[in-house]
**Q** 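First the structure, then my questions, so here it is.
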Protein chains: 2
Amino acid sequence: MSKYDALKIENQICFPLYACSREIIKQYKPFLDEIDLTYTQYIAMMVLWDKKIMNVKAMGEILYLDSGTLTPVLKKLESKGLVTRQRSASDERNLIVTITDMGEALKEKAVTVPTAIAKCSNLEPEEAAMLYRILYKMLGSSKT
Amino acid sequence: MSKYDALKIENQICFPLYACSREIIKQYKPFLDEIDLTYTQYIAMMVLWDKKIMNVKAMGEILYLDSGTLTPVLKKLESKGLVTRQRSASDERNLIVTITDMGEALKEKAVTVPTAIAKCSNLEPEEAAMLYRILYKMLGSSKT
DNA sequence: CATAATTAAATTGAGTTCAATTTAATTATA
DNA sequence: TATAATTAAATTGAACTCAATTTAATTATG
């Protein structure tokens, strides 16, 4: 027991969070490769599969990402033909992202991903539920 | 209830993990700025504050990072005078990273960081303990 | 022993992330 | 209404992450 114990990697809560998130994203890779999306592109598409239309700011609030990250991701999705990007007529500061038919079609393939990933997890349902609850509690209090 | 529900962002377990980890790393920033370390440099230093000497491979196993990430990080720490990097005499494939006196000295300043961060968390101790347990369970089963 | 296989770091390239700044549009106010 | 303040995206630059490849050293095998 030393005054430096708090500095040990095994006593951090952030470290396993960070490592775990990267490890799971790695598990997604083979499945996302099949639909030619990166993880960030995938979660951006998730929002659009659900909402169809959304501006960058609103998307950023949902995904906890700013325009510095989202702009290149959305341009990439546009170049793949999955979304369109256009300024709002009523307020040209806003960029409106809309899913295309090709983007909608990709949803049919993507729907198999969550099932495949679920099989990789070794958590009990109660553990997953607990984890989910705790993470959203943390996220809720970090909202800017 | 649709067959696409599994594709909704609010039904993912990976997403809050990923968002949470980035949000917490953001919280570290002001404290790490004071000791001129990034988060990745900080966790690398954590290993060395504890072990003093370690090769890149062993460090990578602890941190779940490969040489592609660690090499530039360690070169940066070397340029700051916090570590030295030298090939092992007994097996020149191995690069041995050793903490310097300056690196050791930084530990005195760094020791205030975990305390400062702990104050930012809104989790109950039991929640933090549960989170820790679940995350290491997940990490344990993703070990390659 | 010579060659093949393996191993550890480093390198490369694509993509992500974020802080800080810039640009352009809109809203508020003197 | 002109100017100031605010807002939304985009841009820039530094750093991280990872897959894939390369280089060099070591170990295993024919």
Side-chain angles (χ1 to χ4, degrees), chain A residues 14-15 18-33 36-45 54-61 63-80 83 85-97 142 144, chain B residues 14-15 18-30 32-33 36-45 54-80 83 85-97 142 144:
Chain A
C14 183
F15 171 72
Y18 154 85
C20 223
S21 122
R22 286 183 300 110
E23 289 301 308
I24 297 185
I25 288 171
K26 269 187 222 173
Q27 294 187 342
Y28 274 90
K29 183 156 197 311
F31 306 111
L32 293 182
D33 279 351
D36 189 34
L37 292 178
T38 64
Y39 184 73
T40 313
Q41 290 164 14
Y42 174 64
I43 59 173
M45 287 306 296
M54 178 147 294
N55 68 38
V56 172
K57 182 180 161 57
M59 241 171 128
E61 279 166 3
L63 298 177
Y64 294 84
L65 291 171
D66 70 6
S67 69
T69 302
L70 281 177
T71 295
V73 168
L74 294 171
K75 282 182 176 175
K76 186 76 183 187
L77 293 175
E78 183 182 44
S79 78
K80 292 184 188 181
V83 310
R85 299 164 64 248
Q86 57 194 1
R87 293 282 168 175
S88 162
S90 63
D91 184 342
E92 294 208 356
R93 288 172 304 183
N94 289 289
L95 186 94
I96 303 191
V97 184
S142 86
T144 40
Chain B
C14 183
F15 171 72
Y18 153 86
C20 224
S21 122
R22 286 183 299 110
E23 289 300 308
I24 297 184
I25 288 172
K26 270 187 221 173
Q27 294 187 342
Y28 273 90
K29 184 155 198 308
L32 293 181
D33 278 351
D36 190 33
L37 291 178
T38 64
Y39 184 74
T40 313
Q41 290 165 12
Y42 173 64
I43 60 174
M45 287 304 298
M54 177 147 296
N55 68 38
V56 172
K57 180 178 161 63
M59 244 173 124
E61 280 166 3
I62 292 172
L63 298 177
Y64 294 82
L65 291 171
D66 69 6
S67 68
T69 303
L70 280 177
T71 296
V73 168
L74 294 170
K75 283 183 176 174
K76 186 77 184 188
L77 292 176
E78 183 183 44
S79 78
K80 291 184 189 184
V83 310
R85 299 163 64 248
Q86 58 194 358
R87 294 281 168 179
S88 162
S90 61
D91 185 342
E92 294 208 356
R93 288 173 303 183
N94 290 288
L95 186 95
I96 303 190
V97 183
S142 86
T144 41

**Q** For A:Tyr28, which residues count as a ring-ring contact (aromatic ring centres under 6.0 Å, His included) partner, sequence neighbours excluded?
**A**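 Partners of A:Tyr28 by the ring-ring contact (aromatic ring centres under 6.0 Å, His included) criterion, ordered by chain and then number, come out as A:Tyr39, A:Tyr42.
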**Q** Look at A:Lys76 and C:dG15 and indicate whether a side-chain polar atom (N or O) is within less than 4.0 Å of OP1 or OP2.
**A**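 Checking C:dG15 against A:Lys76, a side-chain N or O does come within under 4.0 Å of OP1 or OP2.
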**Q** For DNA chain D, which nucleotides open and close the run of contacts to chain B, 5' to 3', at under 4.0 angstrom from a non-hydrogen atom?
**A**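 Endpoints of the contacted stretch of DNA chain D: D:dA15 to D:dT26.
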**Q** Hey, which sits more toward the 5' end of DNA chain C by its nearest nucleotide, A:Pro72 or B:Asp66?
**A**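 Of the two residues, B:Asp66 wins.
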**Q** Any base atoms under 4.0 Å from A:Leu65, or only sugar-phosphate, or nothing? Heavy atoms, all strands.
**A**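 A:Leu65: backbone/sugar contact only, no base atoms under 4.0 Å.
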**Q** Let me confirm one number: the CG-CG distance from A:Leu70 to A:Leu65, rounded to the nearest 0.5 Å.
**A**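 Interatomic distance, A:Leu70 CG to A:Leu65 CG, rounded to 0.5 Å: 5.0 Å.
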**Q** To the closest 0.5 Å, what do you measure between CE (B:Met45) and CD (B:Gln41)?
**A**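 Answer rounded to 0.5 Å: 9.5 Å.
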**Q** What residue pairs, at least two apart or across chains, pass side chain to side chain donor-acceptor pair (under 3.5 Å) with a residue in residues 66-79 of chain A?
**A**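 Found A:Glu78-A:Arg85.
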**Q** Look through every strand shown and name the nucleotide pairing with C:dT23 as Watson-Crick or G-U wobble, where both distances are under 3.5 Å.
**A**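 Pair assignment: C:dT23 / D:dA8.
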**Q** Any side-chain N or O of B:Lys29 below 4.0 angstrom from OP1/OP2 of C:dA19?
**A**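 No, no such contact exists.
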**Q** Check each residue of residues 86-94 of chain B for a non-hydrogen atom within less than 4.0 Å of any atom in DNA chain C, then write out the ones that pass by number, or none.
**A**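 B:Arg87, B:Arg93, B:Asn94, in order of number.
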**Q** Start with the C-alpha distance between B:Thr38 and B:Thr40, add both sets of side-chain angles, then the distance that settles side chain to side chain donor-acceptor pair (under 3.5 Å), and finish with yes or no.
**A** CA-CA 5 Å; B:Thr38 64; B:Thr40 313; 4.7 Å; no
**Q** Run the ring-ring contact (aromatic ring centres under 6.0 Å, His included) test against B:Phe15 and tell me which residues pass, sequence neighbours left out.
**A**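 Result, ring-ring contact (aromatic ring centres under 6.0 Å, His included) vs B:Phe15: none returned.
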**Q** Please round to the nearest 0.5 Å and tell me the distance separating atom CE of A:Met54 and atom CG of A:Leu74.
**A**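 Result: 11.5 Å between the selected atoms.
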**Q** Scan A:Thr69 against the nucleic acid and name what it touches under 4.0 Å (heavy atoms): base, sugar-phosphate only, or nothing.
**A**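 If one applies the 4.0 Å heavy-atom cut-off, A:Thr69 turns out to touch a base.
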**Q** What is the distance, rounded to the nearest whole Å, between atom CG of A:Leu32 and atom P of C:dG15?
**A**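 Taking atom P of C:dG15 as the reference, CG of A:Leu32 is at 14 Å.
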**Q** B:Gln41 CD to C:dC18 C1': how many Å, rounded?
**A**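 Spelled out: CD on B:Gln41 to C1' on C:dC18 is 15 Å.
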**Q** Taking for each residue the nucleotide of DNA chain D with the nearest heavy atom, is it A:Arg85 or A:Arg22 whose nucleotide lies nearer the 5' end?
**A**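 Here A:Arg85 is the residue nearer the 5' end.
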**Q** Nearest-Å distance, CD (A:Glu78) to P (C:dG15)?
**A**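 Taking CD of A:Glu78 and P of C:dG15, I get 15 Å after rounding.
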**Q** At what distance, to the nearest 0.5 angstrom, does NZ of B:Lys80 lie from CG of B:Leu37?
**A**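 With rounding to 0.5 Å, NZ (B:Lys80) is 5.0 Å from CG (B:Leu37).
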**Q** Want to settle it: does A:Val56 or B:Thr40 sit nearer the 5' end of DNA chain D, counting the closest nucleotide to each?
**A**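 Per heavy-atom nearest nucleotide, the more 5' residue is A:Val56.
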**Q** Only counting residues at least two apart or in another chain, list the ones meeting side-chain hydrogen bond (donor to acceptor under 3.5 Å, both in side chains) with B:Arg87.
**A**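 Partners of B:Arg87 by the side-chain hydrogen bond (donor to acceptor under 3.5 Å, both in side chains) criterion come out as none, since no residue qualifies.
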